[in-house]
Amino acid sequence: MSTVVLKDVHKDYGKVKAVRGISFECADREILAILGPSGAGKTSTLKMIAGLESITMGEIFENGRLVNFLPPEKRNTAMVFESYALYPHLSVYDNIAFPLRSRSVQLKGESIDARVLEVADMLQIGPLLGRKPAELSGGQKQRVALGRALAKRAEVLLLDEPISHLDAKLRHHMRRELKKYQQALNTTVIYVTHDYLEALALASTIVVLNMGVIHQTGSPGVVYNRPADTFVATLIGQPRINLVPCRIQNTSAPELECISGDGSFRVPCPLPADQLPSGCREVLVGIRPQFLQLTPNLDDDGIAGEIYVSEYMGTDSIVEVKVGDHLLKVLTKEHGYRIAQAVKLQVLKKDIMLFDAQTGKNLLNHREPDASHGS
Amino acid sequence: MSTVVLKDVHKDYGKVKAVRGISFECADREILAILGPSGAGKTSTLKMIAGLESITMGEIFENGRLVNFLPPEKRNTAMVFESYALYPHLSVYDNIAFPLRSRSVQLKGESIDARVLEVADMLQIGPLLGRKPAELSGGQKQRVALGRALAKRAEVLLLDEPISHLDAKLRHHMRRELKKYQQALNTTVIYVTHDYLEALALASTIVVLNMGVIHQTGSPGVVYNRPADTFVATLIGQPRINLVPCRIQNTSAPELECISGDGSFRVPCPLPADQLPSGCREVLVGIRPQFLQLTPNLDDDGIAGEIYVSEYMGTDSIVEVKVGDHLLKVLTKEHGYRIAQAVKLQVLKKDIMLFDAQTGKNLLNHREPDASHGS
Amino acid sequence: MKSREQRWQDRYLPYLIILPALVLTIGILYPFILAIIYSLTDYRLVSPVRHFIGLANYLDSFRDINFWYSLGVTLLYAALTISIEVPLGLGVAMLLNHEIRGIRSFRFILIIPLMMPPVIAALMWKMIMAENGVMNYFIGLIGAAPVPWLANTYSLLSIVLIDVWLYTPFCAIILLAGLQSLPKEPYESAMVDRASGFFVFRRLTLPMLKPFLILAILFRTIDSLKMFDLVYATTKGSHSTMLMQVSAYYEAFRWYNMGKSLSYMIVIWVVIFIISRMLVSWWNRAMQRATGTER
Amino acid sequence: MKQAQQYSSKRQILIWLALAGYAVFALFPLIWVVMMSFKSHIDIISPIPKFIFTPSLDNYKAILFGGQSTQYEVGQTDFLLYFKNSCIITISAVLLSLLAGVPAAYALARYRFRFKDDIAFTFLSFRFAPEIAVIIPIYILYQKLHLYNTYVGLIFVYQLITLPLIVWIIRGYFEDISVEIEQAAKLDGYSWWGVFTKIALPLVKPGLASTAVLAFIFAWNNFIFGLILGSSDTYPSTVGTLGFISYESVLWGQMAAATVITILPPLILAVFIQKYLVRGLTMGAIRG
Amino acid sequence: GKQSGGSDFDPASITGPFRWDRAAGETIKLHLNKHPFTESLVPTLDEFTELTGIAVEYSILSEEEYREKIIIELSSQSGSVDVFMTGPFTEWSYVRAGWLEPLESYLANPALTNENYDPDDFFPVCLTANRWNGKPGYSNYGLGSQWAIPVQVETYILAFRKDWAADLQLTPPGNYKEYYRFAKAMTRDIDGRRVHGVTARGIGTWSTIATGFLTGFASSGCRDFDDQMNCTINSPEAVAFTEIWIRTLKESGPLAWTSNSWYDTKEQFESGQYGMWLTVDFFAVGFENLEKSRIARKVGYTLAPAGPDGKIRSNMWTWALAVNRYSRQKLASWLFVQWATSKEQLRAAALAGNWNPSRQSVWDDPQVASITAEWDNYRAVVSENLQNHASVCFTPQPEVPAIGDRWARALQEIWSGTDAQIALDRAAADIDRIIEKSGMKALIQ
Ligand SMILES: Nc1ncnc2c1ncn2[C@@H]1O[C@H](COP(=O)(O)OP(=O)(O)OP(=O)(O)O)[C@@H](O)[C@H]1O
Ligand SMILES: Nc1ncnc2c1ncn2[C@@H]1O[C@H](COP(=O)(O)OP(=O)(O)OP(=O)(O)O)[C@@H](O)[C@H]1O
Ligand SMILES: [Mg+2]
Ligand SMILES: [Mg+2]
């Protein structure tokens, strides 16, 4: 049984406020991802959970027990450091075996061997076991760091961008292995990443952190489909979401419409008038590039625009469409568009998000939860 | 004018052969990406170009001049190290200003200031200028390292995974800035990455490296659409390409067909019989997940299969479809498939790749170059 | 052209950098050689003439049981001091490495003994260890009989005690600086790995600190094998404290036998040379191991 | 600066106690010396050690101003001269050693070249020689070269003490600097000198400072070189301090006062240096 | 000025009337031992320069350092020292090494020695002690050239706590059996603290021999060498005396006798913890110092205990000024020696604490005499000693330091439990070897 609970935790480094009162709960045996841009306070949070950084304010509980003052060696955690923190004088094998030999684990020769080999195999570093860290490439070091944490089989596994230096293939493999490992050993995992895909693919809960403040906590589906605010919406999804400043107006259309300043962009308002916060008329309309349909057929309904630029991205192209003063990104599989070609853009009402122009808050957030996220 | 040419370059670390004879040319003012998995020899190659590692064998030319023995400080290169290698005793400002104060650049006070601020602005590290590296987060350190290299405005810029620690948004921003910078200053850039998307988006030439050997050199479009072999094909593209071992057979179909061992998978052979290497019958058929169309309509043509697992990935889902003994990945926007649901898979002949089962070499590589890659 | 320039750099730059130090060194080399030559003569301070007598001084010494005794006492002395000072210094350094309140004052206090010139320190200690001195006074307080600290049987140990007092701070400083230069991250990860203090000490601190430990041992070995001041100032070299350099002093300055005295000192020089050679190659290996860059 | 470990108060107290225990051992003789410097001779030779006495400044007066001393024990008025000599010789010797030795240490740490280990060992082997062994040959040489009883001669011979220490200990610190940081500096366009002065030196500053202090202390405390190779113009203060062993008794009080004064410079130096004995922000990150 | 020196300088070549300014403009270099004589000399050096036009540089060191330094300076034969302090048995080494300038022809030359100098005013024993003909053997004592002019003299007398003796109703010992008993009787607890009957030097160097021990040894009729330069420190009488000497120390002496240097011993005695010390007479200055000593006015002085034949042979030492044979300013050097050992200078020195004076006239000076007036019968004892009992008790030969150190080590061994005969036999054998090697035997007549 291992839960981790943070209650209004703060971390100051002198004048720098790295973490400004965050609270979340990580349930037993779940993978919780802390997602945030560079400098958000992810590493600081993780180090506080590990007991490596003092807590400026607030409380951290592990298994219901207050651990603010428990030294790291008394907690049953394992951690992968962003900078690896390998033992320079030990071979890869001994690095991985190190926690196993410590008093808290104290395995004997053969079982150490078995565990090290198992982990090495999983991380594909078998042939490197005899080398010293100085003789490894960046990605290899990172895998050793991961191996060291995994070999220990701690109750709580803290991972700080553990696979950022691996290639896509290996990363994919690692993600799977990690999930298998976590399920087999019933470990609680807190996973720090700046990669939303990783968070979506791995975690059951995502905590979105920025500038030391939590913007949203939720399941991957919720975070993706119902971002709490524009920050979360832009952080997640690539190419990033289109945000168009609009006014909500009562037009001739059957329902309210969101219309941009120059009138070039107009979409139906996904909220009925009575659900709009009173007085709120200035909004940001958010539409993910995938949800914009591009058609060369100018007779179709939709927003008129012209192709501005088109970027080839393997299978898909990212096409930027100029609509009035706005550039909208569209993800499409068609590569045939010419620059300056006139097109129409279509969008389903269900794919339209609405954010408060002032606060950035999502105005739709009382909608039903969307259950469509995957395995 | 800055070209970089490698001729049969080798690098051994004692018994470890990190680079085993690679040759490529980086034209003036181009961005060349070295793409490869962890341990491929990317960093080693870069360090040899910078003059930081001795060259075990082979020759490196910069601007046509042999530089094997030129000390690093005499070359006009800048480099971002994988491990940042920031100067721990200097503030961020001084770290960035450091190369500007060197004898080879020798800027004076104000112009240094201007350059540092410009770079800091571009990298969004303005507020951090007064801090020491130890007070930075991982991503911030990486940006400082990048800033230091950019500030110098060297003729050749060597970047070793320079944005691996940044979030998607920032990464995107950086990529753009880098491109702008490169175009403005006419810098030649060699960019090491394990991220194929980065390579595709940035580079005009991609060198695919694995185990110290070059698998392919080419433009992004060529590398993506006409991978030299299965290694390149699987390295690039996410989810990775489906490879199905097949035999080429003369069936009742109008052309040759590729049929898997159990017969469950069959697709037309993209090559006419006379273009097949003699005796080659065992092949790997490669189809990217994007090119497989999934239809619940069992009356349609196509390969019959059933849904095995479905993974939610934001907009798309990765659906694995069981076809006989094979699992094929399909990228789709439809999320509604049930496990074990029977489906049909369709693929266009132009989207089928063919690899030699023994050597892994792409059998289609004498086809016309595909010009469909974007801006 | 370029490649030649580079090769020139590669080849000669290091020598160039070392040159000033080397020049100083070579200047001092001359007296060394002179000393060796004198040791092959019957050089007496009170005699104007010197004759070359080959290895006679050495053979003479080797036949003299006092020589062997002296050598034995010297080795014993070095072994005793080093085996106390280095572990104790390590302990002190590790205590001083904690960032706790008041640690700065402690760091300062604990190196003060080093600042006493050894001769003076020894005189002061002699006073403290006198029959009516403070040591016996304190011992008397707990009811024990006064101890003749500097008389034959105790004198070597007493001088070892003074040496420990004087030079433990030296070890502590070197080791503290060493501890401070260790990378911090492995410690953090070891903490998370729940390694016990002792385990971390044995598996992390010791191996990474080894180069510094060896340096401390090296310098202490060199200095204690040629220890002179403390003995000279306390017992003037009673039988049990007849270290090699004290013997050599007697031969040269009291009995005028410069040649013989030099033979003693050349022998101790050789002993130090051999031990240091071993320590230095050990240091080289440890240095590479600690950073994981074995060649 | 942040400190990862949080000390429980129990642990702090334990560390404190252990340190205090050692501090008593380290300080006791010194306290005794300081007390002695304020005692009269009759109190000093008291058969029962005196902890309570009427302090007087007579001893200090005697050594600083010579002046009033009893009929048979004239104070040593040259002490201040010797003190000045010590300062000149020791500081110059340490500076010379730093100037020549630190670059050498750097080369030994960073470059690979032929005879490297032998050269390094040669530096060290200087310290092997028992002082008494080399002192006579040096004396004879100095007489010939007119270096006898000169500052230059003494500064030169003090290299025997300071140079090996500086080369060897600093070399260790240089070896600790991550190679990549220096490589980065090279790429940034700096020659070895630039890298050395702008990167390597600042990074080893703490080690440099403490080693320089050690070298200073060892040189300051040396006795035999000054005695044999100097004369009344150039004697260092150690020789002066021993001068308080008068013909028929040791002037313990004055000697103690002189000792207190003699250890002041290293002490003051150590106060300044003390902050370098603490890991700066820069340290800890230098090993790759 | 002109050079009046060099190893072949002949003082007889100088003629004419005596003039102080004969060597004006020269500079001489003194090497001085830390000593009351030095202390009184240094402030008056300007007077000398004024008188003679000779500039003086000097270096002062404590005794141990002084001895090392002077040997090195002299052995360099570079003339880096002109005038230095020395004394009887150390001179013997220097004489054989040829470092000393014989002074009798300077004394005899009226062009060089002024008529008021009055060499006969020196105690005869003091001049004798600084003469030697370079040949080994006791019969050569006091023969030959005058190598140095004494500035001070020390002899050995017995200092004891007369207050304790009175308490215990003891009379001071007249022989060494009594000496043993006297020490034993005074060893007891006073106020719960142990006090000891006797103290003495005990470090393993010749100074341990040269002091009270040698006085007792010689008084007991023993010698260190026979006429053939065979070591006799292990003769039956010698062993008997040595045994009783060590036994006394062991049973009634300091706990750590083997680390007792002269100043430890003096402090011990002055701290009031010891009953008796066969010591050098001038230490009385310290004992009687009311400010610094706990035993001032509590000490009695008497002659050293006598041997079986009733004779007392008190060992002695003089500090004396000698001239370096390799000096390049011998004339100036001699003028300095003459000036520094003049009646006026030595009187001033004595008044400044240079004890005991080497000139009869100074010793008899009322002002000088008044200093010691309150020191029990110190004056009488010292006078008696100088008249009748004092002489250097080592046999003249250049290896005194080596044999003295070896001998002292034997005493330490005996103190640590080795049988006296065995320890002394071994020492004698070693000493014979030293003499053998030194080539002395060839010089015996
Ligand atoms: N100093 C060294 N000694 C021995 N082997 C080394 C050394 N440096 C690198 N290697 C090995 O050489 C190979 C190539 O290393 P390199 O650092 O070039 O890889 P890379 O492509 O940069 O990988 P990554 O993406 O993980 O950083 C790896 O197998 C690595 O283990
Ligand atoms: N030791 C320190 N002193 C001062 N400020 C610090 C220190 N460590 C971190 N910070 C600051 O605190 C903030 C949070 O840092 P943290 O390392 O937690 O970020 P992060 O979310 O892990 O970022 P990244 O993804 O770049 O690693 C950053 O702005 C950083 O500059
Ligand atoms: Mg971080
Ligand atoms: Mg790399």
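No hydrogens, no waters, no symmetry mates; every other heavy atom, side chains included, goes into these values. Here is how names work: the chains are called A, B, and so on, in the same order as the sequence lines, proteins then strands, and each is numbered from 1.
With a 4.5 Å cut-off on non-hydrogen atoms, E:Q77 touches chain C through its side chain but not through its backbone. No part of C:Y154 comes within reach of chain E, as not one of its non-hydrogen atoms sits under 4.5 angstrom from that chain. Heavy atoms closer than 4.5 Å to chain C are found nowhere in E:S76, neither backbone nor side chain. For a residue to count as touching a neighbouring chain, one of its non-hydrogen atoms must lie under 4.5 Å from one of that chain's; by this rule C:S155 does not touch chain E. Both the backbone and the side chain of E:W206 come within contact range of chain C, judged by heavy atoms closer than 4.5 Å. In this structure, chain C has a heavy atom under 4.5 Å from the side chain of E:S416, while its backbone stays farther away. Only the side chain of E:I72 comes within contact range of chain C, with heavy atoms under 4.5 Å apart. For a residue to count as touching a neighbouring chain, one of its non-hydrogen atoms must lie under 4.5 Å from one of that chain's; by this rule E:K69 does not touch chain C. Interface residue E:Q412: backbone and side-chain heavy atoms are both found under 4.5 Å from chain C. Within the 4.5 angstrom heavy-atom criterion, only side-chain atoms of E:R193, from C-beta onward, approach chain C.
At least one test fails for E:R406 against the ring of C:W255: distance under 6.0 Å to the centre or angle within 45° of the axis.
Note: C:F170 and C:F219 have perpendicular aromatic rings, judged against thresholds of 30 and 60 degrees for the angle between ring planes.
For the options E:E413, E:E267, E:H196, heavy-atom pairs under 4.5 Å to chain C are most numerous at E:H196. Interface remark: of the candidates E:S261, E:G404, E:A256, E:A402, E:A402 forms the most heavy-atom pairs closer than 4.5 Å to chain C. Chosen from E:Q268, E:E399, E:E64, the residue pairing most often with chain C at heavy-atom distances under 4.5 Å is E:E64. Among C:P146, C:P148, C:A151, the residue with the largest count of heavy-atom pairs under 4.5 Å with chain E is C:P148.
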Please assess E:T86 against E:Y94 for the test side chain to side chain donor-acceptor pair (under 3.5 Å), listing each intermediate value before the final yes or no. CA-CA 10 Å; E:T86 183; E:Y94 302 169; 4.9 Å; no
Working for side chain to side chain donor-acceptor pair (under 3.5 Å), residues C:S238 and E:T258: CA-CA 7 Å; C:S238 63; E:T258 53; 5.6 Å; no
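The 12-atom threshold is exceeded at NZ of E:K250, counting heavy atoms of other residues, nucleotides or ligands nearer than 6.0 Å. Summarising the local packing, CD1 of C:I65 is surrounded by 12 or fewer heavy atoms from other residues, nucleotides or ligands at distances under 6.0 Å. Counting non-hydrogen atoms of neighbouring residues, nucleotides and ligands closer than 6.0 angstrom, the OH atom of C:Y69 exceeds 12 such neighbours.
No side-chain heavy atom of E:I203 sits under 4.5 Å from any side-chain heavy atom of C:T235.
In plain terms, the two heavy atoms of E:P398 and E:W132 that are nearest each other are CD-CH2, 4.1 Å.
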